[in-house]
Colleague: 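The structure's right below; bear with me while I get my questions together.
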Amino acid sequence: MLQLYNTLTRKKEVFKPLKEDEVTIYACGPTVYNIPHIGNYRTFLMTDNLVRILKYLGYSVNLVMNITDIDDKTIRDSKKAGMSLKEFTEKYTEEFFCGLDMLNIKRASAYPRATENVDGMIELAQILMEKGLAYEKEGSVYYRISAFPDYGKLSKLNFNSIKMGASVDVDEYDKDNPRDFVLLKASTQEEIERGIYYESPWGKIRPGWHTECSVMSMNHFGPSLDIHTGGVDLIFPHHENEIAQSEGATDKPFVRYWIHGEHLIVDSEKMSKSKGNVFTLPKLVDKYGGEVVRFMFMSVHYRKKLDFSDSFARHAQNSYFKLRETLENLKFAIKSADDNEYPSDQEVIDLPDNLEDDFRNALEDDMNIPKAIAVYHELSRVSNQYLEAGRNKDVLEKLLSLYRKFADTLGLFAQEGEEVPEKIMELVKIREQARNERDWETADALRDKIVQAGFVVQDTCEGPNVKRQKC
RNA sequence: GGCCGGGUGGCAGAGCGGUUAUGCAACCGACUGCAGAUCGGUGUAGGUGAGUUCGACUCUCACCCCGGCCUCCA
């Protein structure tokens with residue numbers, strides 16, 4: 001039974017999808033105005049893990065993630081770059097997808113763009129206007145939060161305590177209430193000159209940020225969906241506003257489970273340009289490898305802050321290598337497996353089932369991946385223990401099959417099965433000969449050569465185990 | 001001020017009212033031509049003060065400390 005922590009109730013709840021067998025998820029995606037930093041990717045990875053876990057538990061999943069390709073920053077920075085908005089955002093959309101691949105994140109079923117959904121946003125504004133939940137002022141359309149009694153239910157912020165009239169008047173000429181947010185923003189002269197505008201009943205506009213998510217999720221899933229994900233900083237105001245827009249328009253519950261990922265910080269500090277500690281993914285992936293970064297991110301529960309540092313990364317890397325090494329060892333051993341019986345067969349044969357129970361229980365407990373990884377390490381140890389003495393084919397296959405299942409569920413060890421080149425195998429063969437002749441000098445020289453070619457050779461009683469070098 | 005988190009061994013990070021988390025690092029041992037991989041073992045914990053209990057890291061209360069959100073932000 002999967003339990004998820006729902007921000008709406010601030011409790012772990014048993015997860016039950018609307019439709020028996022298909023889970024609908026909407027994930028807040030990137031604003032494509034620069035290369036996403038590693039914190040962004042931590043959140044995207046959280047959603048990927050959620051999808052993988054749901055699939056592991058037997059659900060089919062329909063994930064939609066938006067691409068925000070029009071907002072203040074994209075407009076501002078495209079100009080700075082001397083590019084059209086479209087050119088500019090396409091470039092960074094590509095960057096975004098590259099990053100997903102580096103982390104082995106599965107593609108969503110759709111990535112709707114804000115600019116492709118402006119009609120829907122205008123329609124939504126009209127509906128809200130008709131219902132008295134929105135108003136026009138100076139060519140912009142605003143949401144009237146005072147007309148939506150549930151406003152604040154997600155963020156638990158209390159807006160009644162704001163004294164109307166006292167602290168409110170800063171931009172009164174602009175909005176009725178400073179907390180009111182913009183649905184459609186009147187185009188500026190500059191935007192019009194650059195062709196970045198849309199015609200609406202209220203004149204030339206461009207969409208406000210919050211509006212796109214309501215429209216796109218309802219386009220794909222109708223008024224209600226199962227899960228909506230994003231980073232904690234989106235709880236307010238973004239997701240609060242989505243609720244106001246969607247539920248205000250449809251009078252139906254919008255999202256059933258709100259899942260929010262905690263932030264990644266660096267050396268105990270928030271990432272910020274002024275501190276110069278903003279890391280981008282390609283940089284990290286170069287240094288540690290994509291799967292290591294993925295593994296590192298997964299080694300902290302999604303609702304806890306992840307304090308990134310070099311030593312943290314190195315520890316994660318070692319831990320990752322250990323798991324990968326065991327997989328290699330299993331694969332190697334299975335080549336020489338037999339049908340003989342070994343003393344520990346009976347003892348080992350049932351362990352995988354128990355470990356899988358532990359693994360599933362961990363994941364079902366609000367996606368406790370750190371715990372699941374601990375179970376994975378147990379499987380690793382059990383496997384290695386068996387390899388010390390046993391070679392029974394059935395036992396080894398059972399261990400290996402569970403090992404791969406864990407790997408797939410966690411999105412690890414995806415690029416398996418790289419064949420060792422013929423040339424390297426030649427060297428290994430010659431080295432074996434030298435070793436048989438106890439010619440250690442030649443053997444060691446050959447080993448150095450193999451290492452220089454990027455491979456490692458480990459001598460075992462079943463013969464040499466050749467593998468690609470770590471990282 | 002309001003709302004929410006959190007404080008576990010050298011580091012990272014889990015579960016649990018009483019029995020080893022797990023990994024990394026360290027140390028010892030085994031295996032090995034050497035190496036690698038691996039196995040076995042060892043040590044180091046639970047912010048502070050009370051309370052509940054036969055027994056609390058785990059429950060209750062108070063306090064201290066740290067962080068986040070309340071403005072754009074994954």
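Nothing here was measured: the structure is a model prediction, and the numbers come from that model.
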Colleague: Side chain of A:Arg179: nearest nucleotide among B:G36, B:A74, B:C70?
Modeller: B:C70
Colleague: Which nucleotide wins on minimum distance to the side chain of A:Gln458, given the candidates B:A37, B:G40, B:C72?
Modeller: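 Of all the options, the side chain of A:Gln458 is nearest to B:A37.
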Colleague: By the 4.0 Å heavy-atom rule, please label A:His377 as base, sugar-phosphate, or nothing.
Modeller: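 Sugar-phosphate only.
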Colleague: Kindly say whether, by distance alone, the side chain of A:Asp72 makes a donor-acceptor pair under 3.5 Å with the base of B:C72?
Modeller: no
Colleague: I would like to know whether A:Tyr376 and A:Tyr403 meet ring pair (Phe, Tyr, Trp, His ring centres under 6.0 Å); could you show each step before the answer?
Modeller: CA-CA 8 Å; A:Tyr376 205 169; A:Tyr403 213 91; 4.8 Å; yes
Colleague: Base, sugar-phosphate alone, or nothing: which one does A:Ser311 contact when heavy atoms must sit under 4.0 Å apart?
Modeller: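 The residue A:Ser311 makes no contact with any strand.
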Colleague: Between B:A14, B:C39, B:G2, which one does the side chain of A:Asn384 approach most closely?
Modeller: B:C39
Colleague: Under 3.5 Å, side chain of A:Gln3 to main-chain N/O of A:Glu13, donor-acceptor pair present?
Modeller: no
Colleague: Indicate yes or no for a side-chain donor-acceptor contact from A:Thr24 to the backbone of A:Leu225 under 3.5 Å, with no hydrogens or angles considered.
Modeller: no
Colleague: Looking for any heavy atom pair under 4.0 Å, which part of the strands does A:His238 touch: base, sugar-phosphate only, or nothing?
Modeller: nothing
Colleague: What contact category does A:Glu388 fall into here, base, sugar-phosphate, or nothing, at under 4.0 angstrom with non-hydrogen atoms?
Modeller: base
Colleague: Of the nucleotides B:C4, B:G68, B:C69, which one has an atom closest to the side chain of A:Arg10?
Modeller: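 Of all the options, the side chain of A:Arg10 is nearest to B:C4.
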Colleague: Any donor-acceptor pair under 3.5 Å linking the side chain of A:Thr280 with the backbone of A:His37?
Modeller: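 Side chain of A:Thr280 to backbone of A:His37: no pair is present.
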Colleague: My understanding is that only one of A:Glu212, A:His239, A:His260 makes a side chain to side chain contact (heavy atoms under 4.5 Å, CB included) with A:Cys28; could you say which?
Modeller: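 One option only clears the test, and that one is A:His239.
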Colleague: Is there side-chain contact between A:Leu100 and A:Lys106, with heavy atoms separated by less than 4.5 Å?
Modeller: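 A:Leu100 does not reach A:Lys106 side chain to side chain.
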Colleague: Looking at A:Arg447 and B:C34, is any side-chain donor or acceptor paired with a base atom of the opposite kind under 3.5 Å?
Modeller: yes
Colleague: Should B:U38 form a Watson-Crick or G-U wobble pair with both distances under 3.5 Å, which nucleotide is its partner?
Modeller: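 Pair assignment: B:U38 / B:A30.
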Colleague: Using only heavy-atom distances, decide whether a donor-acceptor pair under 3.5 angstrom links the side-chain of A:Asp444 to the base of B:G33.
Modeller: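 Such a pair exists between side chain and base.
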Colleague: A:Asp459 near the nucleic acid: base, sugar-phosphate alone, or nothing, with a heavy-atom cut-off under 4.0 Å?
Modeller: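 Since a base atom lies under 4.0 Å of A:Asp459, the category is base.
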Colleague: Find the distance A:Asp365:CG to B:A21:P and express it as a whole number of Å.
Modeller: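 Answer to the nearest Å: 19 Å.
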Colleague: Mind checking A:Gly230 for me? I need base, sugar-phosphate or nothing, with any heavy atom below 4.0 Å counting as a touch.
Modeller: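 Since only primed, P, OP1 and OP2 atoms lie under 4.0 Å of A:Gly230, the category is sugar-phosphate.
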Colleague: At under 4.0 Å between heavy atoms, what does A:Arg435 touch on the DNA or RNA strands: base, sugar-phosphate, or nothing?
Modeller: base
Colleague: Could you tell me the separation between the CD atom of A:Glu240 and the C1' atom of B:U71, rounded to a whole number of Å?
Modeller: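 Answer to the nearest Å: 15 Å.
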Colleague: Starting at the 5' end of RNA chain B and moving along, which residue's nearest nucleotide shows up first, A:Ser268 or A:Asp233?
Modeller: A:Ser268
Colleague: Nearest to the side chain of A:Pro237, heavy atoms from C-beta on, is which of B:U71, B:G13, B:G67?
Modeller: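 Of the candidates, B:U71 comes closest.
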Colleague: Looking at the side chain of A:Leu157, which of B:C70, B:C11, B:A37 is the nearest nucleotide?
Modeller: B:C70
Colleague: So A:Leu264, base contact, sugar-phosphate only, or nothing? Heavy-atom distance under 4.0 Å.
Modeller: base
Colleague: In whole angstrom, give the distance that lies between atom CD1 of A:Ile235 and atom P of B:G5.
Modeller: 11 Å
Colleague: For RNA chain B, whose closest nucleotide is more 5', that of A:Arg381 or that of A:Leu234?
Modeller: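 Nearest nucleotide further toward 5': that of A:Arg381.
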